[in-house]
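Right, one structure below, let's go through it.
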Amino acid sequence: MVAAGLAYAAATLIALLLPAPAKGWAVLAVSFGGCAGLVVLARVLDRPTWSAALGVLIPISIFQLVPDWFLADALGTLRFPDTGGIRIGGVIPLAMCGMWALPLFLVVLVARDSIARGALAGFVIFLATELAAPTAALWEPAGDVTKVAGVALYVLPAEAVLGAATVLAVRATRDRPLGERLLAAAAVSTLSTGALALCWFFIDHAALTLSA
């Protein structure tokens, strides 16, 4: 497991160091390869609970394209630098469909079915990704939003909600048929979109309105 993690980390680092447009294609390959690698690793290590969780987490990762697209194209509070590869609507890299799987997998592992631990793990893990993403030129805050250490403040409580909702979805549907897992994944994505919109409204929009 350690060797697999190191190999994936090395592949990710190489992808991030490439110039555009090779970088975008390499990030796409690493993103989708990471999802496939998690599935293979769960089977090789004979971890049926991991496999069951991934049956929910990978659909959630795909559906998370929706809140990312909403932020980038509707609210204008998120920007994805064009580093190459396939982009959806000319706005968001297709790689984002697979990029949520690994951090959400870590959230579920840490949470161990606890919704409270899922919220805390989501906050911490996604804070780390938000801090690293601009340096790696994957995504960055845009527009007039409140930032702390370069991280848009409104996303942090919303990502805690995402962590909690993901743990609940996995706990409730990991052993259920595919249709129910897909519905749960869509529900998590819908909740995430709403949480992001509400957090932006109260932290940035409403605060500006009250101070005007």
Quick one: NE2 on H205 to CG on L75, what's the gap to the nearest 0.5 Å? 10.5 Å
Grouping I, L, V, M, F, W and Y whenever their side-chain heavy atoms are under 4.5 Å apart, do I14 and V30 come out in a common cluster? no
Does T173 use its side chain to pair, donor to acceptor, with the backbone of A169 at less than 3.5 Å? yes
Nearest 0.5 Å, please: how far is OG in S192 from CG in D68? 8.0 Å
Give, for atom CG of L65 and atom CD1 of I92, the distance between the pair rounded to the nearest 0.5 Å. 4.5 Å
Looking only at non-hydrogen atoms, find the nearest pair between Y8 and G34 and report the distance. CE1-CA, 3.5 Å
Heavy-atom pair of closest approach, residues A137 and T83: O-CG2, 3.9 Å
Less than 4.5 Å apart, any side-chain heavy atom of V39 and any of I58? yes
Which atoms form the tightest heavy-atom contact between A152 and P141, and what is the distance? N-CG, 3.9 Å
Non-hydrogen side-chain atoms of V145 and Y154 separated by less than 4.5 Å: yes
R176 side chain to E180 backbone, donor-acceptor under 3.5 Å: no
Salt bridge or not between R174 and D113? Use side-chain N to carboxylate O under 4.0 Å. yes
Ignoring hydrogens, what is the shortest heavy-atom contact between L191 and A165? Give both atom names and the distance. CD2-CB, 3.6 Å
L156 and F126: CA distance, side-chain angles, deciding distance, side chain to side chain contact (heavy atoms under 4.5 Å, CB included) verdict: CA-CA 8 Å; L156 298 178; F126 288 117; 5.9 Å; no
State, with a plain yes or no, whether a side-chain heavy atom of T166 is found less than 4.5 Å away from one of V108. yes
Pairwise distance CD(Q64) to SG(C97) - rounded to 0.5 angstrom: 10.0 Å
Does any non-hydrogen side-chain atom of V167 lie less than 4.5 Å from one of R112? no
Residue pair L45 / W50, side-chain heavy-atom distance below 4.5 Å: yes
Working note: V155 + E130, criterion side chain to side chain contact (heavy atoms under 4.5 Å, CB included); need CA distance, chi angles, decisive distance, verdict. CA-CA 9 Å; V155 304; E130 296 291 346; 4.1 Å; yes
When the aromatic ring centroids of W100 and F63 are compared, is their separation below 6.0 Å? no
Could you tell me whether the side chain of L104 reaches within less than 4.5 Å of the side chain of L162, counting heavy atoms only? yes
Can you confirm whether L28 sits close enough to W25 that some side-chain heavy atom of one is under 4.5 Å from a side-chain heavy atom of the other? yes
Nearest 0.5 Å, please: how far is CZ in R171 from OG in S114? 8.0 Å
Short question: side chain of S61, backbone of L57 - any donor-acceptor pair under 3.5 Å? no
Looking at every non-hydrogen atom in both residues, tell me the closest pair between A95 and S31 and how far apart they are. O-OG, 2.6 Å
I would like to know whether V27 and M99 meet side chain to side chain contact (heavy atoms under 4.5 Å, CB included); could you show each step before the answer? CA-CA 9 Å; V27 169; M99 211 171 287; 3.6 Å; yes
In the structure I gave you, are the side-chain heavy atoms of K23 and L16 within less than 4.5 Å of one another anywhere? yes
What is the minimum heavy-atom distance between G89 and W69, and which atoms define it? CA-CZ2, 4.2 Å
Would you give the length of the straight line joining atom CG of D175 to atom CZ of R181, rounded to the nearest 0.5 angstrom? 9.0 Å
Working for side chain to side chain contact (heavy atoms under 4.5 Å, CB included), residues W139 and R79: CA-CA 6 Å; W139 67 83; R79 188 177 79 86; over 6 Å; no
